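Scroll down for the structure; my scribbles are underneath it.
Treat the numbers as computed from the prediction; the structure is a model and nothing was measured.
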Amino acid sequence: MEKIIIVMEFADNNLSAYVKDIYGIAVTGKNIREIKKSIKEAINLYIETSKEMNLEIPDILKGDFQLVYKYDLCSFPKTSIYDDI
């Protein structure tokens, strides 16, 4: 099973996340729970759209995969670091 690294950062008034090794898959959200839901939806949309447009799907997305979340802790304010984890 492939592991897909999701990098999560604090950005101004919300959170953002992106797939580390695949350009173009990024989301924003109010909390970690929302980010996790949105990134799964974004990956599925990326796969579906790539198929519809006859674009090559990255190998890492072709089979079973697991999302692994990495947090850029330096970007999180000290007061919000443990909210919704």
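A heavy-atom distance below 4.5 Å is found between the side chains of I6 and V19. In this structure, the side chains of Y69 and K36 come closer than 4.5 Å at one or more pairs of heavy atoms. Two residues are said to be in side-chain contact when any heavy atoms from C-beta on lie closer than 4.5 Å; T28 and L15 fail this criterion.
Rounding to the nearest 0.5 angstrom, the gap separating the OH atom in Y18 from the CD atom in E9 is 5.0 Å. The line from NZ of K3 to CG of L67 is 12.0 Å long, rounded to the nearest 0.5 Å. One finds the OH atom of Y23 at 10.5 Å from the OH atom of Y46 (value rounded to the nearest 0.5 Å). How far OG of S38 is from CZ of R33: 12.5 Å, rounded to the nearest 0.5 Å. Atoms CG and CG, on L61 and N44 in that order, are 9.5 Å from each other to the nearest 0.5 Å. Interatomic distance, CD1 of I60 versus NZ of K20, reported as 10.5 Å (0.5 Å rounding).
Checking L73, D72, I32 one by one against M8, the side chain to side chain contact (heavy atoms under 4.5 Å, CB included) holds for a single residue, I32.
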(message) Working note: I43 + F65, criterion side-chain contact (heavy atoms from CB on, under 4.5 Å); need CA distance, chi angles, decisive distance, verdict.
(response) CA-CA 11 Å; I43 291 169; F65 55 84; 3.8 Å; yes
(request) Evaluate side-chain contact (heavy atoms from CB on, under 4.5 Å) for D21 paired with I4, printing each intermediate quantity in order. (result) CA-CA 8 Å; D21 297 319; I4 298 176; over 6 Å; no
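Of all the heavy atoms in D64 and M1, the pair that sits closest is O-CG, 3.7 Å. Heavy atoms only, all atoms of each residue included: I35 and G29 are closest at CD1-N, 3.3 Å. The heavy-atom pair separating A17 from I39 by the smallest distance is O-CD1, 4.1 Å. Across I57 and K62, no two heavy atoms sit closer than the pair O-CE, 2.9 Å.
Within 6.0 Å of the CD atom in Q66, the count of heavy atoms belonging to other residues, nucleotides or ligands exceeds 12.
The side-chain contact (heavy atoms from CB on, under 4.5 Å) search around K37 returns E41, not counting sequence neighbours. Residues that satisfy the side-chain contact (heavy atoms from CB on, under 4.5 Å) test with L45, not counting sequence neighbours, are T49.
Residues I5 and V27 do not share a hydrophobic cluster, clusters being chains of Ile/Leu/Val/Met/Phe/Trp/Tyr side chains in contact below 4.5 Å.
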